[in-house]
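Have a look at the structure below, then the notes.
Protein chains get the first letters and strands the later ones, always in sequence-line order, with residue 1 at the start of each. Atom set for the values below is all heavy atoms of this structure, side chains included, hydrogens, waters and symmetry mates excluded. Predicted model only: the values in this text are computed from it and were never measured.
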Amino acid sequence: PAAVPQARKASLARFLEKRKERVMHA
Amino acid sequence: STTTHNNDLTKTLNNQQQQQHQPSMFFNQETLQQRLQTLIEGARESWTYAIFWQSSVDMSGVTILGWGDGYYKGEEDKLKRKTTPSSAIEQEHRKKVLRELNSLISGVPASSSDDQVDEEVTDTEWFFLVSMTQSFVNGGGLPGHAFYSSVPIWLPGNDRILSSPCDRAKQAQLFGLQTMVCIPLANGVVELGSTEVIFHSLDLMNKVRVLFNFSS
């Protein structure tokens, strides 16, 4: 059961990291 | 209403679906991300995001479609967008939530002067983030409907999206998405969204089925 929140956190971390890159290159 | 529904996005991400059983999986998070990225980046069409909704069965035997993973590409040209910019209050709310999420992930206390958060949180970014908190039970919502009927749903253009009885489709339209697609698979649904009008593509359907054939 703990795998689900962990999957979401992994997705969220990836999203935030890519957003950071987008903002830096904007 | 989005603001109200998502006041506690951080807590939801931590707590939601704690009681959910996982089906036996033939994939892991990394390969899922690679498949979504391959699908979006290799497509001829301009997709804004792709989400894999994963099916599972809870303790009472109810089938649930929950967040499996997602890949957000963004819009090709934000200037082409015709949606009304979100209000200053809404933007402040989004930035506050983003700071909290950053803090959750990094373990560093949220700061009001976080550079990456100062940038406007677009409607499609917000829609994608909110999607992480959602799940669909017994055929509810657009992904649930596709999964239960085993029939792909392809909604190109505002009129088609608005004619859908599903709240998720209407919400997507409000956030500037003009095409929504849900392709059912054996253990979940691949959902694609775009701010452009994209018509049915057999090539894309086949690509999804090959890429997400987890047992191979």
### Query
B:Glu125 and A:Arg22: salt bridge (charged side-chain N to carboxylate O under 4.0 Å, His left out), yes or no, with the steps?
CA-CA 12 Å; B:Glu125 283 178 321; A:Arg22 280 199 303 275; 2.8 Å; yes
### Query
Please walk me through it: do B:Asp69 and A:Arg8 pass salt bridge (charged side-chain N to carboxylate O under 4.0 Å, His left out)?
CA-CA 7 Å; B:Asp69 200 3; A:Arg8 289 175 192 226; over 6 Å; no
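Between A:Leu12 atom CG and B:Leu101 atom CG the span is 5.0 Å, to the nearest 0.5 Å. Expressed to the nearest 0.5 Å, how far CZ of B:Phe52 lies from OG of A:Ser11 amounts to 12.0 Å. Taken from NZ in A:Lys18 to CD in B:Gln37, the straight-line distance is 4.5 Å, to the nearest 0.5 Å. Put simply, CG on B:Leu129 and CG on A:Leu16 are 7.0 Å apart, with the number rounded to the nearest 0.5 Å.
Within a 6.0 Å radius of CG in B:Asp167, other residues, nucleotides and ligands contribute 12 heavy atoms or fewer.
Across all non-hydrogen atoms, the minimal contact from B:Glu120 to A:Arg19 is O-NH2, 2.9 Å.
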